[in-house]
Amino acid sequence: MKNMLPEYDVIVVGGGHAGCEAAFSAAKMGSNVLLVTMNLQNIAQMSCNPAMGGVAKGQIVREIDALGGGSGIVTDKSAIQFKMLNLSKGPAMWSPRTQNDRMRFAEEWRLQLERTENVHFWQDMVNGLLIEDGKLKGVKTVIGMEIKSKAVVLTNGTFLNGLIHLGEKNFSGGRSGEGASYGITEQLVDLGFETGRMKTGTPPRVDGRSLDYSKMEEQPGDENPNKFSYSDHTDSLSKQRSCYITYTNPKTHKVLKGGFDRSPMFNGSIKSKGPRYCPSIEDKINRFAERDRHQIFVEPEGWETVEIYVNGFSTSLPEEVQYEALKTIPGFENVKMFRPGYAIEYDYFPPTQLTHSLETKLVDNLFFAGQINGTTGYEEAASQGLMAGINVHLKLQGKEPFILGRSDAYIGVLIDDLITKGTEEPYRMFTSRAEFRILLRQDNADLRLTNLSHQIGLASTEQLDKVNLKIEQTNALKSILKKTSVAPDEINSILESKNSSVIKQKQKANSLLVRPHISMSDMRSASEFLDQKIKDLDPTQDALIQAEIQIKYDGYISREQENALKLNRLEEVKIPPHTDYSTLSSLSAEAVEKLTEIKPVTIGQASRISGVSPSDVSILLVYLGR
Ligand code: FAD
């Protein structure tokens with residue numbers, strides 16, 4: 001019984017967003033992978049809102065797809081609405097977001113994994129690591145199995161010692177309706193790991209048939225919906241489901257406040273930190289007492305289901321307080337509740353205990369990915385899973401780890417932040433965390449990453465061919481626009497209509513395209529010759545957008561590329577692995593402590609550790625002979 005299963009290369013513990021990506025990428029690269037999860041029915045559950053992407057998170061999903069991961073494809077196959085957010089801002093801020101069919105999302109992930117040759121499944125709860133002579137040998141499970149493997153990726157999400165709070169009640173659980181996981185934290189602490197507690201929460205779900213949508217504002221999807229995946233052949237959405245907006249009011253706030261003395265947030269039951277940027281409704285009312293209303297997004301949970309997600313109303317107040325408060329919201333007067341909101345506390349492991357490959361510093365061949373590292377969000381979890389899957393495979397092959405830099409990808413920023421700075425509250429990605437966000441756009445993730453991924457054996461040749469075609473077409477378009485002149489009588493009426501100064505003599509198309517509000521389609525409608533040249537090339541929509549962005553923002557992009565080069569110079573200065581910082585007497589005491597704990601691999605990483613000052617960096621550079 002103990003050894004009924006064979007030995008695997010990799011065991012991935014947990015079938016959430018991180019676990020799915022880890023199993024998918026390691027197996028696609030050739031590792032023999034066992035995915036062990038508590039309930040195979042619940043693979044890739046969206047524990048909170050039925051949506052993917054959004055600001056900075058949408059860029060991450062595009063990056064996952066460009067690297068050959070599965071989240072983009074699954075998202076496209078299960079989308080019920082697509083929106084490109086922030087189109088009125090510059091392209092660095094354009095952010096794809098979908099509303100998804102929750103059940104279909106989970107089903108598509110399960111099918112995708114089942115179709116991946118080297119992924120095997122086992123339903124069970126892992127309650128410890130198998131360690132022999134100080135070496136990781138696999139996992140132990142609650143039903144008494146000992147399953148052998150060369151490496152393990154832990155992606156336990158919110159399940160480790162999970163404690164659910166609902167009003168004054170609290171009970172053990174990893175997520176609503178699912179049990180918590182015990183044993184792993186305790187063993188890791190014995191092995192010398194540090195652990196902490198975090199908290200998150202979710203809103204109630206209600207019956208869409210009980211709502212009056214005429215009292216709300218409709219939020220339809222984009223007229224021409226795009227997709228997440230660069231490579232998948234799924235068509236864009238031909239129909240979409242709308243979301244709606246409504247608002248809380250002073251009556252709602254009064255009802256909610258009436259329950260505050262029973263709130264685990266305020267009566268001391270919940271002690272751990274929650275996501276600051278995703279506050280509960282009681283938190284919002286408390287912190288922003290001057291506001292008499294808060295926005296509520298009414299989001300469908302799928303194509304067919306009547307269940308509705310009440311976005312903006314995350315709460316752990318008693319269920320009857322939630323119900324009474326909901327009834328005060330316009331459109332919700334006759335609401336029927338399906339599930340109450342709740343909060344959950346869980347264990348995480350401060351991520352400074354990992355290297356940039358997401359392997360733990362304490363146990364060889366043990367990797368952590370997802371919420372277990374102190375992050376929050378599906379996209380953050382999925383991207384770590386992908387990187388852990390890639391790196392566990394490379395490690396077993398004796399190859400160098402695959403590390404993305406801060407100027408390569410949001411994923412690089414995410415992992416670098418976690419490893420060099422750690423996090424004391426649930427970490428969520430924002431565009432402001434990336435210093436090179438003009439380079440890290442959603443439109444060019446494939447140009448940045450697919451070739452790198454192909455080189456390590458993950459992105460397929462077909463995927464790379466598509467990227468190469470996009471590069472070719474983009475360059476050809478730029479060259480056409482550079483060579484073609486436009487005459488005043490062709491363009492001046494368009495320029496005037498857009499409050500742009502008219503031209504007196506012919507000008508190259510690319511120099512006009514740089515002007516604000518002047519678009520590629522303006523140039524094409526001005527010049528028949530130009531339009532015909534472009535038609536002859538027959539470029540994809542992606543290439544057209546890419547050429548336009550590269551021409552329009554060339555100045556900004558070049559400046560940022562130069563800054564990235566400067567940063568990368570510091571990234572190239574390696575610090576020997578066993579450097580004894582305590583012998584460098586000029587370093588500050590705090591720097592010695594932090595550098596010894598985090599063990600940065602490069603000067604670039606050292607410079608980002610909080611507590612390491614620019615003068616500490618200079619001392620290190622002198623020490624390294626620079
Ligand atoms: P999870 O999706 O939690 O998956 C963990 C997986 O591991 C599960 O399949 C579980 O069964 C399995 N597992 C756990 N322990 C074991 C074990 N010992 N043996 C075998 N299998 C195991 N994110 C936001 O961005 N915004 C929010 O507002 C938000 N609110 C949330 C509210 C709640 C109540 C919850 C639960 C989550 C919320 N999240 C939110 C977080 C989001 O759901 C997670 O960030 C994301 O799902 C993390 O992915 P993961 O793969 O790390 O873990």
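Counting starts at 1 for both ligands and their atoms, following the listed order.
- Here K57 pairs with E379 in a salt bridge; the nearest charged N to carboxylate O distance falls below 4.0 Å.
- Near ligand 1, heavy-atom contacts under 4.0 Å come from V13, G14, G15, G16, H17, A18, V36, T37, M38, S47, C48, K57, D124, M125, V126, T155, N156, G157, T158, F159, R175, S181, I184, T200, G201, T202, C278, Y342, I344, G370, Q371, T376, G377, Y378, A381.
- Under the 3.5 Å distance criterion, with hydrogens and angles disregarded, a donor-acceptor pair is assigned to the side chains of S172 and Y182.
- Y247 carries R293 over the face of its six-membered ring, with the cationic atom under 6.0 Å from the centre and within 45° of the normal.
- With respect to E168 and R262, a salt bridge is recorded, a charged nitrogen being found less than 4.0 Å from a carboxylate O.
- A side-chain donor from one of D417 and Y427 sits under 3.5 Å from a side-chain acceptor of the other.
- Aromatic ring orientation, F24 versus W109: perpendicular (interplanar angle above 60°, classes split at 30° and 60°).
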